[in-house]
2 protein chains.
Amino acid sequence: MDTDPTRERILDAAEELFYARGIQGVGMDVIRDASGVTLRRLYQFFPSKGDLVEAYLARRDARWLDSLVAHVETSADTPEERIPAVFDWLESWFARPDYRGCAFVNSFGELGGTSPQVAAAARRHKEAFHAYLRGLATSAGATEDVGAQIALLAEGAMTTAAISGTPSASRQAKQAARLLLTLDTHRTRTPTGARTAG
Amino acid sequence: MDTDPTRERILDAAEELFYARGIQGVGMDVIRDASGVTLRRLYQFFPSKGDLVEAYLARRDARWLDSLVAHVETSADTPEERIPAVFDWLESWFARPDYRGCAFVNSFGELGGTSPQVAAAARRHKEAFHAYLRGLATSAGATEDVGAQIALLAEGAMTTAAISGTPSASRQAKQAARLLLTLDTHRTRTPTGARTAG
DNA sequence: GTTCGGTGAGAACGATCGTTCTCAGCGGCA
DNA sequence: TGCCGCTGAGAACGATCGTTCTCACCGAAC
């Protein structure tokens, strides 16, 4: 089985602490205290802190994307509503009191320069997220480029909401995304000349 | 005088190292070796590592914004050209081999959860950058909201370029920004109904 | 010439942290 | 009963790191 309960308890504690205080700001003894798992068993599941960090990022990657996709699929009935639904999901995330930005951006900023594993995990996560948005864009009738632009809006909203401490960036990003999407979706019907490439 | 040469040498070494490896990934002895300044004199200028970090962020904030403004003012002749010029400047930054994202986003991700000083420095820097973009937008005839949306594109481009390792995000962001800007600038002349609020 | 404040070089100190070891206890099993 | 493997609790080890101290040295002031 893939989900040993003690392993999950360790990862639960590690995720909360790493996300809140940064990876280097959390010692293994703190994870021991928070999880209630003894240091010996902790090292049985994760032979080094680096392994625990990789598992933390892997699980968060899967859960984060799954949660986003689940929200989009249950709350949006038409392809045109899916991208706005992404920003609604982001907004509810930003409003959480413990929100502190994207865990992968934070990990990359902290360790991406020295740990190829962390840098690769961030790259994979972002590539999956952006590919999902590009797919939503094309399924709504827009180009992949518009999907990439909407991904930039989502990324910017995540960091801006984190640093500013307010969730308002999601509304601005949602408005801009909707505009880019509808303009591109209708580009064959209403050629205004506004979408010339730079 | 504000620019003691040894102080600058210390900050030069600290900036390069902190940016490349993260703040906690660089010990004071490494900064001593890189700057050629002895540990004793280092602590005379900066009584603690926290003070050095604050000075690093303060100087980078000022220089970064000054460099951006200088590029925009010298390369753009009309208000409409200023926001595209911002993304040209970003692109040349992204193309540098040592590019590793925004130093303030990285510092916030690493220490924002435990250091109020670092969190406040990141907030001030981002607020100044976004206010500058909002000013560019309004001086080009658009609304402040469009300026805020363009700021999100710029933020997203910074992190995407860093994590993906390619500078292509700046082109996508520039295209989207130009579109948002021209649409909003011409909104009184060409009312298409596309800019209804979400 | 002597004193004195400041210097460079580096050792040293104290705390933290990742990791491993010790040791007593306990359940399973012949 | 006696052995064995695993456990929890925590001490211990070794490395790193921020910070301070030692000590010999030098230039300037009297």
Side-chain angles (χ1 to χ4, degrees), chain A residues 1 4-58 106-107 109-119 121, chain B residues 1 4-58 106-107 109-119 121:
Chain A
M1 32 215 65
D4 188 301
T6 32
R7 191 187 139 96
E8 294 297 298
R9 274 174 58 195
I10 296 170
L11 285 173
D12 288 345
E15 177 165 11
E16 182 174 341
L17 289 162
F18 285 158
Y19 180 68
R21 308 187 202 169
I23 291 170
Q24 290 174 269
V26 179
M28 295 296 268
D29 55 338
V30 178
I31 293 172
R32 172 200 55 187
D33 294 345
S35 66
V37 171
T38 191
L39 220 42
R40 168 196 280 270
R41 302 240 300 150
L42 211 164
Y43 274 92
Q44 284 177 350
F45 282 99
F46 306 99
S48 76
K49 188 180 181 180
D51 295 321
L52 177 57
V53 169
E54 282 193 69
Y56 150 60
L57 293 175
N106 293 351
S107 302
E110 181 177 359
L111 297 170
T114 56
S115 163
Q117 292 84 11
V118 169
Chain B
M1 37 211 62
D4 188 302
T6 32
R7 190 187 138 96
E8 294 297 298
R9 273 173 58 197
I10 296 170
L11 284 174
D12 288 345
E15 177 167 10
E16 183 173 340
L17 290 162
F18 285 159
Y19 181 68
R21 307 187 203 168
I23 291 170
Q24 290 174 271
V26 178
M28 295 295 269
D29 55 338
V30 178
I31 293 172
R32 172 200 54 187
D33 294 346
S35 66
V37 171
T38 191
L39 222 42
R40 168 197 281 271
R41 302 240 300 148
L42 211 164
Y43 274 92
Q44 283 177 350
F45 282 99
F46 306 99
S48 76
K49 190 181 182 182
D51 294 322
L52 178 57
V53 170
E54 282 192 69
Y56 151 61
L57 293 175
N106 292 351
S107 303
E110 181 176 0
L111 297 170
T114 55
S115 161
Q117 292 85 11
V118 169

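Here is how names work: the chains are called A, B, and so on, in the same order as the sequence lines, proteins then strands, and each is numbered from 1. Nothing here was measured: the structure is a model prediction, and the numbers come from that model.
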Mapping B/Arg40 and B/Lys49 onto DNA chain D by nearest heavy atom, which one lands closer to the 5' end? B/Lys49

I need the [atom1]-[atom2] distance between [X] and [N], as an integer number of Å.
X       : N      : atom1 : atom2 : answer
B/Arg32 : D/dT19 : CZ    : P     : 14 Å
A/Leu42 : C/dT20 : CG    : C1'   : 14 Å
B/Leu52 : D/dC17 : CG    : C1'   : 14 Å
B/Ile31 : D/dC17 : CD1   : P     : 11 Å
B/Arg41 : C/dG6  : CZ    : C1'   : 10 Å
B/Asp29 : C/dC13 : CG    : P     : 18 Å
B/Phe45 : C/dG6  : CZ    : P     : 14 Å
A/Tyr43 : D/dT7  : OH    : P     : 17 Å

Of the candidate nucleotides D/dT20, D/dA9, C/dA9, which contains the atom at the shortest distance from the side chain of A/Thr38?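 The answer is D/dA9.
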
Closest to the A/Leu39 side chain: C/dG18, D/dA11, D/dT19?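 Looking only at side-chain atoms, A/Leu39 lies closest to D/dA11.
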
A/Phe18: which of A/Leu52, A/Leu11, A/Asn106 passes side chain to side chain contact (heavy atoms under 4.5 Å, CB included): A/Leu52

Any side-chain heavy atom of A/Arg32 within less than 4.5 Å of one from A/Met28? no

Taking all non-hydrogen atoms of both residues into account, name the closest pair between B/Ile23 and B/Glu110 and its distance.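 Smallest heavy-atom distance, with atoms named: N-OE1, 3.0 Å.
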
Contact summary for B/Ile31 and B/Ala13, nearest pair of heavy atoms: O-CB, 4.3 Å

Heavy atoms under 4.0 Å, any strand shown: does [X] hit a base, just sugar-phosphate, or nothing?
X       : answer
A/Val26 : sugar-phosphate
A/Val37 : nothing
B/Gln44 : sugar-phosphate

Are there over 12 heavy-atom neighbours, none belonging to B/Glu54, within less than 6.0 Å of that residue's CD?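 Yes - once you tally the heavy atoms of other residues, nucleotides and ligands closer than 6.0 Å, there are more than 12.
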
